Amino acid sequence: MSITPVDAQKSRLDEILAPFEISKDELIKIKELIHKELKLGLSRDTYTTANTKCYPTYIQSCPSGCEHGMFLVTTLTSNKVYLLFFHLKGENEYRLEKQNFDIPENINHAAELFDFVVDKLHKLVKNLNLEREPLPVTLVIPFPLLQVNVSSAILLKMGKGMKIQGMENKDVGQLIKEALRRHPNNKFELVAVINDVTSAFMSAAWRNKGVKISFIIDEGCNAGYWEKVSNIETIRNVRKPEMLVNTDITEFGSSSQLDFLITEFDEALEKTASNKGQNIFEKFVSGTYISEIIRRVIIKCVRENIVFAGQMSTQLDTQGALKFANIQGTLIETDQFHYVQLMFDKLGINLPIDADCARIYQIMEKIVMRSASLVAAATVAMIEQINEPDVKVGLDGEVCNTLPLYHKMLKNKMDSILSPNYNYELVESNDDYGRGGAITASIILQENYIYENINTM
């Protein structure tokens, strides 16, 4: 029986997508490599050379859900400042007032940035008629931090696109304290400087007792987990036997551990990257990279006449043309084919047929599955490292929390390699750009009060 053109196209598409499939044996291999890397990151002797360094956060208490008080949180991203006022009311209730601002183009230095932040905080508090309140402040930064203590942290690496001078390898806690001193009329007190994965962890644990892992899969990615202090050889003289560590999982694979997964599309994207050889795990799992890999696979399929009858457009052939919102729309819309037709019409492709739409869906699903597979392997490695029978995993970020399919993929892959001795539950963090920062500040202030009073009795 002769092979029809449709059968040939389907067979060729399966062939193109096959390298994105991660087998069970490969999942186990990745899990074991990550588990090994976690131990290297915890060790005093191998910490400096490990990809996954397991930075101590000095956060040693989980929330009770009864935290209360008024708090300010500032979250810095590459191009925006988020200012948040949280009134925690206990029993998992809170009020939120939120503003966000683009970082002005004329701000080029850290001192200017933090003066801008403090000025905007002052205006927010004035609008809320809380100028006389001594409000605690938490700074949340979604970039790698080396914590000195809970209110002091060295910014190790700025995010892609952030052009502020005088921040990298500097104590960002000290920078904001200096800005606060330059504005003495404000009654602000810096209580904590934390990474976004710490904030997400605290938000998840606030509403879900038993959270031990936090994973963010967004434009970037990161993960943290609850570790025994006895395993963290890089710290000493802490109050309690456990601590949240930030794994900086984004860097896993930078020593070639994941080279066996690299496809021709990953290689092509890496040639255009400004951070060649870095953030390898992130390049497999985060929304920005997923979208670009999908676009490149679609272009190959166009050129091989597998989709769109070989019709190319200038828009589609432009790097970054496909956004993660397009992947969301395709994978969650009830009328998926109609969505795909509208999406590609905007990208200069006229009236894709149903067969095209089905193949676009297949491409997206397969590459999103690769992301979920790697996150599953990393999560299982952390569950095994924690080694407790029941663990909840807090998930945050656009990729996992806007795609119900992602949760299902993640669970299926975890179930395929996790020992039945462990039970787990996936829960959403819903951090609101920094609710965990307010919760962290509440816990720190409460514990400091208790310890100070115990020591003076």
Side-chain angles (χ1 to χ4, degrees), residues 34-64 67 138 144-154 156 171 173 191-206 208-216 222-249 251-252 378-394 422 424 436-437 439-455:
I34 292 174
H35 198 180
K36 178 182 177 182
E37 193 68 27
L38 293 176
K39 291 183 179 297
L40 293 173
L42 293 166
S43 169
R44 187 179 298 108
D45 296 333
T46 55
Y47 165 83
T48 55
T49 56
N51 294 148
T52 308
K53 296 189 185 300
C54 295
Y55 299 114
T57 66
Y58 295 90
I59 304 297
Q60 294 196 265
S61 297
C62 286
S64 65
E67 286 70 25
T138 300
L145 293 175
L146 176 61
Q147 298 279 165
V148 179
N149 53 51
V150 289
S151 65
S152 180
I154 309 299
L156 298 175
D171 184 340
V191 173
V193 178
I194 61 175
N195 187 273
D196 59 339
V197 79
T198 301
S199 184
F201 179 95
M202 299 302 273
S203 276
W206 193 53
N208 301 275
K209 300 293 182 268
V211 168
K212 299 285 185 177
I213 296 170
S214 176
F215 226 120
I216 299 175
N222 203 355
Y225 74 98
W226 206 243
E227 180 60 274
K228 296 177 182 64
V229 166
S230 59
N231 291 334
I232 311 172
E233 296 181 1
T234 56
I235 59 169
R236 61 187 66 184
N237 299 326
V238 293
R239 293 171 174 172
K240 295 185 176 183
E242 295 180 312
M243 181 180 290
L244 179 65
V245 296
N246 176 353
T247 67
D248 197 21
I249 192 70
E251 287 290 351
F252 177 72
T379 305
V380 170
M382 291 176 211
I383 289 174
E384 290 182 352
Q385 176 64 21
I386 294 168
N387 194 26
E388 294 181 7
D390 293 289
V391 171
K392 290 180 182 176
V393 181
Y422 298 106
Y424 73 92
I439 297 164
T440 301
S442 176
I443 291 171
I444 290 169
L445 290 173
Q446 183 180 21
E447 290 194 341
N448 286 347
Y449 175 81
I450 291 170
Y451 279 99
E452 286 168 8
N453 279 272
I454 288 175
N455 291 334

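Note that the structure is predicted; figures quoted are calculated from it, not measured. FYI, the numbering just counts along the sequence from 1.
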Between [X] and [Y], which heavy-atom pair has the shortest distance, and what is it?
X: A223; Y: T247; answer: O-OG1, 2.7 Å
X: A204; Y: G394; answer: CB-CA, 3.9 Å
X: S199; Y: G437; answer: OG-N, 3.3 Å
X: V238; Y: I235; answer: CG1-CD1, 4.2 Å

Would a distance-only check, ignoring hydrogens and angles, find a side-chain to backbone donor-acceptor pair under 3.5 Å from [X] to [Y]?
X: Q147; Y: V193; answer: yes
X: S151; Y: A192; answer: no
X: S203; Y: G436; answer: yes
X: S43; Y: L40; answer: no
X: Q60; Y: E242; answer: yes

From [X] [atom1] over to [Y] [atom2], what is the distance, rounded to the nearest 0.5 angstrom?
X: L244; Y: S61; atom1: CG; atom2: OG; value: 11.5 Å
X: T57; Y: L145; atom1: OG1; atom2: CG; value: 10.5 Å
X: M243; Y: K228; atom1: CE; atom2: NZ; value: 14.0 Å
X: I249; Y: T52; atom1: CD1; atom2: OG1; value: 4.5 Å
X: F201; Y: T440; atom1: CZ; atom2: OG1; value: 10.0 Å
X: K53; Y: L38; atom1: NZ; atom2: CG; value: 13.0 Å

Heavy-atom side-chain proximity of [X] to [Y] below 4.5 angstrom:
X: E227; Y: I386; value: no
X: K212; Y: E388; value: yes
X: Y424; Y: K392; value: no
X: I34; Y: F252; value: yes
X: V191; Y: L445; value: yes
X: Y225; Y: F215; value: no
X: E67; Y: W206; value: yes
X: V245; Y: I232; value: yes

>> Quick one, D196 with I216, criterion side chain to side chain contact (heavy atoms under 4.5 Å, CB included). Give me CA distance, side-chain angles, the key distance, then yes/no.
In response: CA-CA 8 Å; D196 59 339; I216 299 175; 3.6 Å; yes
>> Is there a side chain to side chain contact (heavy atoms under 4.5 Å, CB included) between V391 and I213? Walk through the geometry before answering.
In response: CA-CA 8 Å; V391 171; I213 296 170; 4.1 Å; yes
>> For residues 36-48, which residue pairs pass the salt bridge (Lys or Arg N to Asp or Glu O under 4.0 Å) check, not counting sequence neighbours?
In response: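 Qualifying pairs, neighbours excluded: none.
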> Partners of P144 by side chain to side chain contact (heavy atoms under 4.5 Å, CB included), sequence neighbours excluded?
Replying inline: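 P144 satisfies side chain to side chain contact (heavy atoms under 4.5 Å, CB included) with L156, K157, D248 once adjacent residues are dropped.
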>> Just to verify, what does T48 make a side chain to side chain contact (heavy atoms under 4.5 Å, CB included) with, not counting sequence neighbours?
In response: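 Once residues adjacent in sequence are excluded, T48 has no partner under the side chain to side chain contact (heavy atoms under 4.5 Å, CB included) criterion.
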> Side chains of Y422 and N387: do they bring a donor and an acceptor to under 3.5 Å?
Replying inline: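 There is such a pair (donor and acceptor under 3.5 Å, judged by atom type) between the side chains of Y422 and N387.
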> Do D171 and S152 meet the criterion of a side-chain donor-acceptor pair at a distance under 3.5 Å?
Replying inline: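 S152 and D171 do have a side-chain donor-acceptor pair below 3.5 Å.
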>> Walk me through whether L42 and E233 qualify under side chain to side chain contact (heavy atoms under 4.5 Å, CB included).
In response: CA-CA 6 Å; L42 293 166; E233 296 181 1; 6.0 Å; no
> Do W226 and C62 pass the side chain to side chain contact (heavy atoms under 4.5 Å, CB included) test, and can you show the C-alpha distance, the side-chain angles, and the key distance before you say yes or no?
Replying inline: CA-CA 10 Å; W226 206 243; C62 286; 3.9 Å; yes
